[in-house]
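Notes follow once the structure below has been shown.
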Amino acid sequence: MCLEKALILDFAQTDAMKSILPHPAILSSHGANWEGIQVEYHHQPPNECPEHSLQPHSIGMILSSTIPGAILNGKHYGSERWQTKWTDFHCCWY
C-alpha cells in the first residue's frame, strides 16, 4: 500500500467515479432513486486507477477483450472483484 491516503468515493454523489476514471459512465442508475444500490456501465480506455476505497460495498466486472488486472490487499484478480466498504483498492486494465 502507498503511504498516501487512499481516495474515498461516495456513490451517493453523481460523479463519484470522476476522480479515478477518465470518462463518465455511459449509463447510470443514479437518477432512478434506488436505495442501497448503484449500477453504472462504463467504457474506459486502458487506465490505472489510484488507490481508493468506497463507502458502500462494491462488485466490479470488466467485460471486454482487454487484459484486466486488479490488486486488492496485495492479491491479483482477473475480470471481477468484490470490494468491501472501506477497503483500499488499486486497479488497472490494458
Side-chain angles (χ1 to χ4, degrees):
M1 299 275 166
C2 298
L3 295 178
E4 294 180 26
K5 188 174 180 179
L7 296 169
I8 298 173
L9 303 181
D10 178 6
F11 281 123
Q13 305 299 317
T14 306
D15 59 354
M17 301 294 273
K18 182 179 178 179
S19 61
I20 64 167
L21 295 175
H23 301 301
I26 295 170
L27 296 171
S28 173
S29 65
H30 195 273
N33 296 320
W34 294 347
E35 291 187 33
I37 188 168
Q38 174 72 17
V39 177
E40 292 185 342
Y41 175 75
H42 292 264
H43 187 267
Q44 302 291 339
N47 192 36
E48 184 169 347
C49 294
E51 192 167 340
H52 60 281
S53 65
L54 307 174
Q55 287 186 356
H57 298 295
S58 171
I59 299 171
M61 296 173 63
I62 299 174
L63 305 173
S64 71
S65 60
T66 61
I67 301 170
I71 301 168
L72 178 58
N73 293 334
K75 294 181 182 177
H76 291 268
Y77 291 85
S79 61
E80 57 188 57
R81 62 157 177 82
W82 300 75
Q83 181 181 352
T84 57
K85 61 183 175 179
W86 306 116
T87 302
D88 292 348
F89 183 73
H90 168 262
C91 59
C92 57
W93 56 95
Y94 306 100

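Here, residue 1 is the first one in the sequence, and each next residue gets the next number.
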Point-to-point distance, once rounded to the nearest 0.5 Å, from CD of E40 to CE of M17: 6.0 Å
Sequence neighbours left out, cut at 3.5 Å: what donor-acceptor pairs do the side chains of residues 19-28 make with other protein atoms?
| residue | atom | partner | partner atom | Å |
| --- | --- | --- | --- | --- |
| S28 | OG | H30 | N | 3.1 |
| S28 | OG | Q38 | NE2 | 3.0 |

Could you tell me which residues satisfy side-chain contact (heavy atoms from CB on, under 4.5 Å) with D10, sequence neighbours excluded, listed by chain and number? A12, Q13, Q55
To the nearest 0.5 Å, atom CG of L7 lies from atom OG of S53 at 8.0 Å
